[in-house]
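All residue numbers refer to positions in the sequence shown, counting from 1. Just so you know, these numbers come straight off a predicted model, no measurement behind them.
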Amino acid sequence: MFEGPVQDLIDELGRLPGVGPKSAQRIAFHLLAAEPADVSRLQEVLQKVKEGVRFCEVCGNVSERERCRYCADARRDPTVVCVVEEPKDVLAVERTREFKGRYHVLGGALDPLAGVGPDSLRIRELLARLGGTGPAADETEIAEVIIATDPNTEGEATATYLVRLLRDFPGLSVTRLASGLPMGGDLEFADELTLGRALSGRRVL
């Protein structure tokens, strides 16, 4: 172990997702060798993110304003909502150029072993949108919900749970991405063509 602040920095970096001990050590020493202006710029950006970025009041996507650019865009179809796990999945769907509706970000997926239950996700907010209440009460009635959770165990469990809830809404079409996405993967790693085909060929549940 290193002394004092150096080890503290390595420990904090190691808490970031996808950063192991060796990667944390490399990043720490890169920062130590960097010019003070570069480190200050990184500090400023991190501070701006924490102070200036919020979650959209309607869909839960990251935003600089009360509503994200997708919810605020009158050109997008408000009758179709694509439900994804994380903000990064919104970008994955957008890259396909196949979807022109709006989004709902759950903030994760059901994972009982990790203590993530329905109350930990933005499921209540989704039901409120479908019921015409909450911040999106002025939206046109939603006709279709596309469940675009990841094709893994947690994503499939979340999709199954949502389908049971959404069946109670008369006239609502609930669809799921077509098969073709690799099982066990994340939407963000799917290529645009494959994900685009999964969107356009979605199946009714």
* State, yes or no, whether a side-chain contact exists between R129 and V58 at a heavy-atom distance under 4.5 Å. => yes
* To do: To the nearest 0.5 angstrom, please state how far the OG atom of S173 sits from the CZ atom of R202.
  => 8.0 Å
* Verdict with reasoning, V84 to C82, per side chain to side chain contact (heavy atoms under 4.5 Å, CB included) -> CA-CA 6 Å; V84 297; C82 182; 4.0 Å; yes
* Asked: Should L106 and V62 be counted in the same cluster of Ile, Leu, Val, Met, Phe, Trp and Tyr side chains packed under 4.5 Å apart?
  -> no
* Asked: What are the two closest heavy atoms between C56 and C71, and how far apart are they?
  -> SG-SG, 3.8 Å
* Asked: Can you check whether E66 reaches R54 side chain to side chain, under 4.5 Å on heavy atoms?
  -> yes
* Flag if over 12 foreign heavy atoms under 6.0 Å of CZ, R97 -> no
* To do: Inspect the surroundings of CZ in R95 and state if more than 12 heavy atoms from other residues, nucleotides or ligands are less than 6.0 Å away.
  => yes
* Among the clusters formed by ILVMFWY side chains lying less than 4.5 Å apart, do V81 and L205 turn up in the same one? -> yes
* Below 4.0 angstrom, N of the basic side chain to O of the carboxylate: do R197 and E192 qualify? -> no
* Shortest non-hydrogen contact from V116 toward A109 -> CG1-O, 3.2 Å
* Short question: side chain of R164, backbone of Y161 - any donor-acceptor pair under 3.5 Å? -> no
* Do the side chains of R167 and V174 get nearer than 4.5 Å, heavy atoms only? -> no
* To do: Assess whether side chain to side chain contact (heavy atoms under 4.5 Å, CB included) is satisfied between F55 and N61, documenting all intermediate values.
  => CA-CA 5 Å; F55 293 99; N61 190 22; over 6 Å; no
* Using atom types as modelled and distance alone, determine if a side-chain donor or acceptor of R122 lies under 3.5 Å from a backbone N or O of C59. => yes
* To do: Establish, from distance only, whether the side-chain atoms of R26 and S23 form a donor-acceptor pair under 3.5 Å.
  => yes
* Structure fact -> Nearest heavy-atom approach of I10 to A28 is CG1-CB, 3.6 Å
* Asked: Are E144 and T175 close enough that a side-chain donor and a side-chain acceptor fall under 3.5 Å?
  -> yes
* Starting at CG of L121, measure out to CG of L126 and round the result to the nearest 0.5 Å. => 11.0 Å
* Q7 and D11 side chains, donor-acceptor separation under 3.5 Å -> yes
* Asked: Can you name the side-chain hydrogen bond (donor to acceptor under 3.5 Å, both in side chains) partners of T79, sequence neighbours left out?
  -> D77
* Asked: How about R15 and E12: do any of their side-chain heavy atoms sit closer than 4.5 Å?
  -> yes
* To do: Of all the heavy-atom pairs spanning A34 and V39, show the shortest one and how long it is.
  => CB-CG2, 4.0 Å
* To do: Mark yes when over 12 heavy atoms from residues, nucleotides or ligands other than K48 sit less than 6.0 Å from its NZ; otherwise mark no.
  => no
* Asked: More than 12 foreign heavy atoms under 6.0 Å from CD of E94: is that the case here?
  -> yes
* To do: Run the numbers on E156 and T149 for side chain to side chain contact (heavy atoms under 4.5 Å, CB included), then give the verdict.
  => CA-CA 7 Å; E156 291 299 327; T149 50; 5.8 Å; no
* Asked: According to a 4.5 Å side-chain heavy-atom criterion applied to Ile, Leu, Val, Met, Phe, Trp and Tyr, with indirect links allowed, do L165 and V145 form part of one hydrophobic cluster?
  -> yes
* Asked: If you round to the nearest 0.5 Å, how far is CG of L177 from OG1 of T194?
  -> 11.5 Å
* Asked: When you look at E85 and V105, which way does the side chain to side chain contact (heavy atoms under 4.5 Å, CB included) test go after all the steps?
  -> CA-CA 6 Å; E85 293 181 20; V105 181; over 6 Å; no
* Structure fact -> Cluster membership besides L31, Ile/Leu/Val/Met/Phe/Trp/Tyr side chains within less than 4.5 angstrom, sorted by chain and number, is L9, L13, L16, V19, I27, L42, L46
* Asked: When you check the gap from the basic side-chain N to the acidic O, do R67 and E57 get nearer than 4.0 Å?
  -> yes
* Carboxylate-amine/guanidinium proximity below 4.0 Å for D73 and R76 -> no
* Asked: Among all residues two or more places apart in sequence or in another chain, which pass the ring-ring contact (aromatic ring centres under 6.0 Å, His included) test with F99?
  -> Y103
* H104 and E125, any side-chain heavy atoms less than 4.5 Å apart -> yes
* Asked: Between D150 and R176, what is the shortest heavy-atom contact and its length?
  -> O-NH2, 3.8 Å
* To do: Side-chain contact test, heavy atoms from C-beta onward, threshold under 4.5 Å: evaluate it for L172 versus L130 and give yes or no.
  => yes
* Structure fact -> Partner of Q47 under side-chain hydrogen bond (donor to acceptor under 3.5 Å, both in side chains), picked from E51, E44, Q43, is E51
* Can you measure from CG (L166) to CD1 (I147) and round to the nearest 0.5 angstrom? => 5.5 Å
